[in-house]
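This report refers to the structure that appears directly beneath it.
Treat the numbers as computed from the prediction; the structure is a model and nothing was measured. Note: hydrogens, waters and symmetry copies are ignored here, and every other heavy atom, side chains too, is used.
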Amino acid sequence: MGPSRITSLEAAAAYVDQVGITVAWGKSDLVLPSLWQGIAGQEADWAVRDESGKATEFTPEFRQLWRWKDELPERRLACAGRHFNAAALLIAPRLLADAYALTGRAGAAEDFRDDPELEALEREVAEAVLENGPLIAPEIRRVLATDDRKAVERAIKRLQRRFVLTNAGAVEQSQGWSAISQDLFARRWKRYLRRRPDEGKARQALVLAVLSGTDEVSAADVAGALG
């Protein structure tokens, strides 16, 4: 985006489209650019601090980031989730066919049923979202009649890594933080998955996206960014 700062949701979407793949905020072991730096700059602090240095509240810029990271996928301006690795990523819609091509699946909402590597709980979670539409984790647990919070969270994370689930925006709760709604990747981004390249071309496009968004990278850096 050059030296200008990101000051609107539309500009944030344009930034993601330009760089291809970005983290929401910086992660020291990843070479990917971050939306946070685009909003606030290289050395910006996420907190307002008192005289002792203690954080007292989020800065206005970080509040923007926190809101936009959920609004972008909610409005289908960017894909969001832990799709390539443990970091929260934003992926430009133009790269989603390439990303999905690596799964080898057909691109239909129910195509996760053809994935032999999914565990029983993962299949149950995916079926719940298929039948009920986007759900937050507490709703998934209620549908499945389980109180095993950790097991469901693990299943969601693995389903995101396998491009079965993806973030669909934030849902306010009566207590605590808002929760991230989960939708089926192939259903939410169906319009971008109609034509998928072969795996070789898909990998090339993803690697080039990482290279174009950074200055100097190694093969290990690319592997880390793309899991």
Side-chain angles (χ1 to χ4, degrees), residues 9 12-13 16-17 19-25 27 30 32 35 65-115 117-119 121-141 143-144 152-171 177-196 202 205-206 209 225-227:
L9 182 67
V16 176
D17 182 66
V19 300
I21 305 173
T22 176
V23 287
W25 51 84
K27 199 168 184 291
L30 290 180
L32 296 170
L35 179 59
L65 171 71
W66 199 258
R67 185 171 69 252
W68 290 346
K69 73 177 178 60
D70 297 324
E71 289 183 5
L72 286 166
E74 181 179 359
R75 293 177 56 179
R76 291 180 172 84
L77 297 174
C79 173
R82 301 178 185 276
H83 292 305
F84 287 117
N85 50 52
L89 298 180
L90 295 165
I91 306 172
R94 62 182 174 83
L95 291 174
L96 297 183
D98 299 296
Y100 206 78
L102 303 186
T103 71
R105 300 198 304 269
E110 68 279 4
D111 67 11
F112 63 85
R113 292 172 176 167
D114 299 325
D115 189 336
E117 296 190 27
L118 294 187
E119 298 175 357
L121 179 59
E122 294 163 1
R123 293 183 181 279
E124 292 176 10
V125 169
E127 290 287 353
V129 176
L130 175 64
E131 180 178 351
N132 296 279
L135 298 172
I136 60 175
E139 292 171 335
I140 292 173
R141 295 199 300 272
V143 170
L144 300 184
V152 170
E153 290 294 340
R154 283 196 302 269
I156 290 172
K157 288 180 180 179
R158 190 160 187 266
L159 287 167
Q160 286 206 347
R161 284 290 300 271
R162 300 190 69 76
F163 290 91
V164 175
L165 295 184
T166 192
N167 292 359
V171 176
W177 297 94
S178 58
I180 302 300
S181 181
Q182 300 295 322
D183 197 2
L184 292 171
F185 189 103
R187 178 169 62 194
R188 190 159 196 82
W189 298 103
K190 179 179 179 179
R191 60 176 291 201
Y192 295 98
L193 306 183
R194 291 169 183 159
R195 293 184 179 181
R196 297 177 304 285
L206 294 169
L226 298 177

| field | Shortest non-hydrogen contact from L144 toward A128 | value | CD2-CB, 4.2 Å

| task | Would you give the length of the straight line joining atom OG1 of T166 to atom CG of L96, rounded to the nearest 0.5 angstrom? | result | 8.0 Å

| request: Hey, could you give me the OG1/CZ distance between T103 and F185, rounded to the nearest 0.5 Å? | output: 9.0 Å

| message | How long is the straight-line distance from NZ of K69 back to CD of E71, given to the nearest 0.5 Å? | response | 10.5 Å

| Under the criterion side chain to side chain contact (heavy atoms under 4.5 Å, CB included), which of L130, L159, V129 is the partner of F112? | L130

| message | A side-chain contact here means heavy atoms from C-beta on lying under 4.5 Å apart; do I140 and I156 qualify? | response | yes

| Test item: S181 side-chain N/O and A168 main-chain N/O as donor-acceptor pair under 3.5 Å | no

| Distance, nearest 0.5 Å, that separates CD of E122 from CD of E117 | 10.0 Å

| task | Please check if the side chain of R94 supplies one atom and the backbone of D17 the other of a donor-acceptor pair under 3.5 Å. | result | yes

| request: Identify the two heavy atoms, one from A109 and one from R187, that lie closest to each other, and give their separation to 0.1 Å. | output: CB-CB, 4.0 Å

| request: Give the minimum heavy-atom separation between A126 and V164, together with the two atoms involved. | output: CB-CG1, 4.0 Å

| Side chain R123, main chain D115, donor-acceptor under 3.5 Å | yes

| Does a side-chain heavy-atom distance below 4.5 Å link L165 with Q160? | yes

| request: Give, for atom CG of D70 and atom CG of N167, the distance between the pair rounded to the nearest 0.5 Å. | output: 7.5 Å

What pairs of donor and acceptor atoms, side-chain ones from residues 73-81 against any protein atom, are under 3.5 angstrom apart with sequence neighbours left out?
from : atom 1 : to   : atom 2 : distance (Å)
R76  : NE     : R188 : O      : 3.2

| task | Side-chain contact test, heavy atoms from C-beta onward, threshold under 4.5 Å: evaluate it for L89 versus T22 and give yes or no. | result | no

| message | Please check: side-chain N/O of E139 versus main-chain N/O of I136, any donor-acceptor pairing under 3.5 Å? | response | yes

| request: Please answer whether the main-chain N or O of A155 pairs with a side-chain N or O of R158 as donor and acceptor at a distance below 3.5 Å. | output: no

| What is the distance from atom CG of D98 to atom CD1 of I91, rounded to the nearest 0.5 Å? | 10.5 Å

| task | Fit a plane to each ring of F163 and H83, take the angle between them on a 0 to 90° scale, and name the class: parallel (under 30°), tilted (30 to 60°) or perpendicular (over 60°). | result | parallel

| Once the angle between the rings of W25 and W66 is folded into 0 to 90°, is it parallel (under 30°), tilted (30 to 60°) or perpendicular (over 60°)? | parallel

